[in-house]
Amino acid sequence: MLFYKIEVTVDTTENLPQPRDGKEYRPFAGLIAEKSESYYQSQKQSHYIFGVTSKGKALTFGAIFKEAVNVRKAFLAYLKRLGYTVSACKIEEITFHGVRTLLQTADRNDFIEDDDEILKLFEIECLGNRYGHVEYGEALLDEAASRESLLQMAESILAEKSLSPEIKRIYAGRTSNRVQGHPVHYLLRCDDREIRQSICRTLLTALYANERIQSRRYCFVDFDDESSTPDETYEALYKSCEAGTVIVRYTSGDDSCGSHARAGGDVIAGLCDMAVKYRNRVLTVFCLPTECAKIKETFLENLGRTSLIELYEDIVYEEKAILYLRQLAKKHKIRADKRLNAAVEHTGKGFKAAELNRLFDEWYDQKLRTAVYPQYREAQTVKNEIRKAKPRGSAIDELHRMIGLKEAKSVIEKALNYYKVQKLYKDKGIAVDRPAMHMVFTGNPGTAKTTVARLFAEIMKDNGLLSKGDLYEVGRSDLVGKYVGWTAQIVKKKFQAARGSVLFIDEAYSLVDDKAGLYGDEAINTIVQEMENNRDNMVVIFAGYPDKMEQFLNRNPGLRSRIAFHVPFEDYSAEELVSIAELLAQNKGLHFDGAAHQKLCTVLEEARALPDFGNGRYVRNLVEMAKMEQANRLVQLEYESVTADTLATLLEEDIPLPAKRETPPVRRIGF
């Protein structure tokens, strides 16, 4: 399907009617609308031409053609019905978005009755609704280039081994106006967006120059494992691209991708069905990451007997890599030096164009700052400043002030640094997506897991890694429904509420039911799915006892692989517990005297041996009980003898001893 904008200058002595002309304009617009409809019917509904605007002696038209025909000849026949002759005529191929805009303008100017009804005539009306809710875009090729220039382009983007032979094959064939169809379609494996785009445009330009495709317009549709688009949308997309091209771009680079995602498999099947159905009317180019073998197999299984030509990036070594870098330097009108060559010399490795482009950009930035503009030699790069910058906000300071938690602090700092490095160096090819930050906190009660989770959420917000930075704490009762089908919806709502924040699932092992397939398993399966769906905008933290958390992680195979960091919370030592007690007392305006301090050490050492010792919670309760004991002691003193120092001091007698647990007697049979 081809779309056009046509601008003409009419041979007339008077200006054409304008919308403001009232009575004169309505018959004028109505006549053009009537002729458009009658002409459409007379041409067996193969194309529709409609008026858009009039200004002075100029008229603008839009046109939709199902097939490639002589547009000028068809338009002049249409003008003859209107009774016009023209002194100038400009015909321009446009995109679907462009023709939809013309239809909307024509509707406002009364040249058509309803813009959506025109699209329905061609069965592409769903594309008008924000592209049918599919990741879809379109563009137009540049004017045709020569065979030699296209071969030079293939060489310059390091795609010579696969693309150059195909360009030669395209130019070796004979064009025919009678026989239409595509002997082959294409599979392009490439990781760099710009190189992929250059290969596609070079290929399509060669095909257009040889009339293998008749439209300069091409559409590209993106999808991944989580995509889900109705088949009717793809049907409309392919209808709109008859005589042109659809580029299908799979956007995940994980070689294991697609093995667990039913939605992604459905999309592949739907797209392949359309590619096969329209194989002689629409050219399809499938673009996959270089390392994605499973997805490639899935495409091939669904494409049946469709013939594919595989295109790919070249890998070049030292000599060719240096030549490529020198050509880039020449293009930028700067002399290459030994430092540029050193980036690829004696490495023994192969390079793709994208990696060489990054190496050149780094060298060029440095060259600009040191040689072209030496006055900026001492300037620090933005990336270096960010790399050296410390995490921002008060939450990180509060975390470091907390006593103990050495391992937890270290892992959280590593997590922040890891994300910072990905963000700073993604242009070096280290990563292009944000890594998942989901975590597991393992530790006994009272080891500050919830407090650290709250601070971590604030730290992520302060440093631009989360948009909200709140903490949503949930347990089994908040996630598991009473009836079949409720649990998945409840979990999804919790994830939706926690977007931009941290979802803290305490005692996560409580979701593990005694029998497989129960509500707890439904919750875990939904959590795994939502973790992947929300990896870019939230963090999930599971918390619980170390041994039970191991059982929980083993419940679902996909759970452990989606957790980036395991943060252990060790029990506090006696010295750390004493420090916590002193800090809590200090925050309440109190302090322990010497004897009280000694007793505190003894009490906490004994308490650590209790089977249900609560770590920080025990210390918090101990300080509260010491305050009550102090109050009982102070009320027995004479009022005059109570000083400010007396009120602020906790004595040895104020500190309670740990409760002794009596061992129940063992009953023996027969006694």
Side-chain angles (χ1 to χ4, degrees), residues 1-7 62-65 67-72 89-102 131 136-160 162-173 175 180 182 184-186 188 190 192-222 237 240-249 281-287 309 311-314 324 327-328 330-332 353-354 357:
M1 205 167 292
L2 299 98
F3 310 111
Y4 296 95
K5 178 181 180 181
I6 306 171
E7 297 174 305
I64 303 176
F65 284 77
E67 298 176 352
V69 298
N70 189 323
V71 179
R72 181 176 293 274
C89 178
K90 177 184 177 183
I91 301 175
E92 174 188 7
E93 186 177 359
I94 59 176
T95 62
F96 169 78
H97 177 74
V99 83
R100 177 157 177 77
T101 301
L102 293 181
Y131 297 135
Y136 159 73
E138 55 185 341
L140 292 171
L141 292 172
D142 299 328
E143 294 300 325
S146 67
R147 175 180 180 274
E148 289 69 27
S149 64
L150 293 175
L151 289 173
Q152 289 176 2
M153 175 60 73
E155 182 181 1
S156 69
I157 58 178
L158 297 187
E160 188 178 8
S162 62
L163 183 56
S164 293
E166 179 57 20
I167 292 173
K168 293 175 182 178
R169 281 192 291 267
I170 291 169
Y171 275 88
T175 60
Q180 295 296 327
H182 298 292
V184 295
H185 296 264
Y186 297 91
L188 169 59
C190 179
D192 185 81
R193 182 180 62 84
E194 293 184 3
I195 299 299
R196 179 185 65 203
Q197 182 177 347
S198 296
I199 292 175
C200 285
R201 291 182 72 91
T202 303
L203 172 69
L204 297 184
T205 300
L207 291 167
Y208 180 72
N210 288 271
E211 300 182 20
R212 290 267 293 276
I213 53 176
Q214 290 76 45
S215 175
R216 292 172 49 232
R217 170 178 170 266
Y218 60 92
C219 299
F220 42 89
V221 54
D222 294 336
L237 176 64
S240 77
C241 290
E242 291 191 39
T245 307
V246 171
I247 299 176
V248 177
R249 304 188 306 203
R281 291 171 284 170
V282 179
L283 179 76
T284 303
V285 181
F286 299 97
C287 298
I309 294 291
L311 304 175
Y312 49 85
E313 299 175 87
D314 294 347
Y324 181 84
Q327 289 174 342
L328 287 177
K330 184 178 180 180
K331 182 179 177 181
H332 287 74
N357 289 340

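What you see is a predicted model, and the numbers here were worked out from it, not measured in a lab.
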Task: Nearest-0.5 Å distance, OH of residue Tyr218 to CD of residue Glu138 - done: 10.5 Å
TODO: Please round to the nearest 0.5 Å and tell me the distance separating atom NE2 of His182 and atom CG of Leu207.
DONE: 8.5 Å
TODO: Mind checking the CG-CZ spacing from Leu237 to Phe220? Nearest 0.5 Å is all I need.
DONE: 11.0 Å
Open item on the list: To check you understand the geometry: which heavy-atom pair defines the closest contact between Leu188 and Cys200, and what is its length?
Closed with: CD2-SG, 3.8 Å
Open item on the list: Looking at every non-hydrogen atom in both residues, tell me the closest pair between Ala206 and Ile170 and how far apart they are.
Closed with: O-CG2, 3.6 Å
Open item on the list: Looking at every heavy atom in both Ser240 and Arg217, which two are closest together, and how far apart are they?
Closed with: O-NH1, 2.7 Å
- [ ] Working to the nearest 0.5 Å, report the span between OG of Ser215 and CG of Leu141.
- [x] 8.0 Å
TODO: Not counting sequence neighbours, list each pair that qualifies as a salt bridge (charged side-chain N to carboxylate O under 4.0 Å, His left out) and has a residue in residues 144-158.
DONE: none
Task: Sub-4.5 Å side-chain heavy-atom contact between Leu283 and Leu204 - done: yes
- [ ] Compare every heavy atom of Val282 with every heavy atom of Cys241, then report the nearest pair and how far apart it is.
- [x] O-CG2, 3.5 Å
- [ ] Look up atom CD1 in Ile167 and atom CG in Leu150, then write down how far apart they are to the nearest 0.5 Å.
- [x] 5.0 Å
- [ ] Check whether any side-chain heavy atom of Asn357 lies under 4.5 Å from a side-chain heavy atom of Asp192, and answer yes or no.
- [x] no
Open item on the list: Testing the basics here: between Val99 and Ala63, what is the closest heavy-atom pair and its distance to 0.1 Å?
Closed with: CG2-O, 4.0 Å
Task: Shortest non-hydrogen contact between Glu160 and Pro165, atoms and distance - done: O-CD, 3.3 Å
Task: Verdict with reasoning, Lys5 to Thr101, per side-chain contact (heavy atoms from CB on, under 4.5 Å) - done: CA-CA 11 Å; Lys5 178 181 180 181; Thr101 301; over 6 Å; no
Task: Side-chain donor-acceptor pair present, Gln327, Ser156, cut-off under 3.5 Å - done: no
Open item on the list: Any side-chain to backbone donor/acceptor pair from Ser162 onto Tyr312? Under 3.5 Å, distance only.
Closed with: yes
Open item on the list: So, using side chain to side chain donor-acceptor pair (under 3.5 Å) as the criterion, who are the partners of Thr205 when residues are at least two apart?
Closed with: none
- [ ] Could you tell me which residues satisfy side-chain contact (heavy atoms from CB on, under 4.5 Å) with Arg193, sequence neighbours excluded, listed by chain and number?
- [x] Arg196, Gln197
Open item on the list: How long is the straight-line distance from NZ of Lys168 back to CG of Leu151, given to the nearest 0.5 Å?
Closed with: 6.0 Å
Open item on the list: Can you see whether Asp142 engages Tyr208 through a side-chain donor-acceptor pair at a distance of less than 3.5 angstrom?
Closed with: no
- [ ] May I ask you to decide if Arg216's main-chain N or O and Glu93's side chain share a donor-acceptor pair within less than 3.5 Å?
- [x] yes
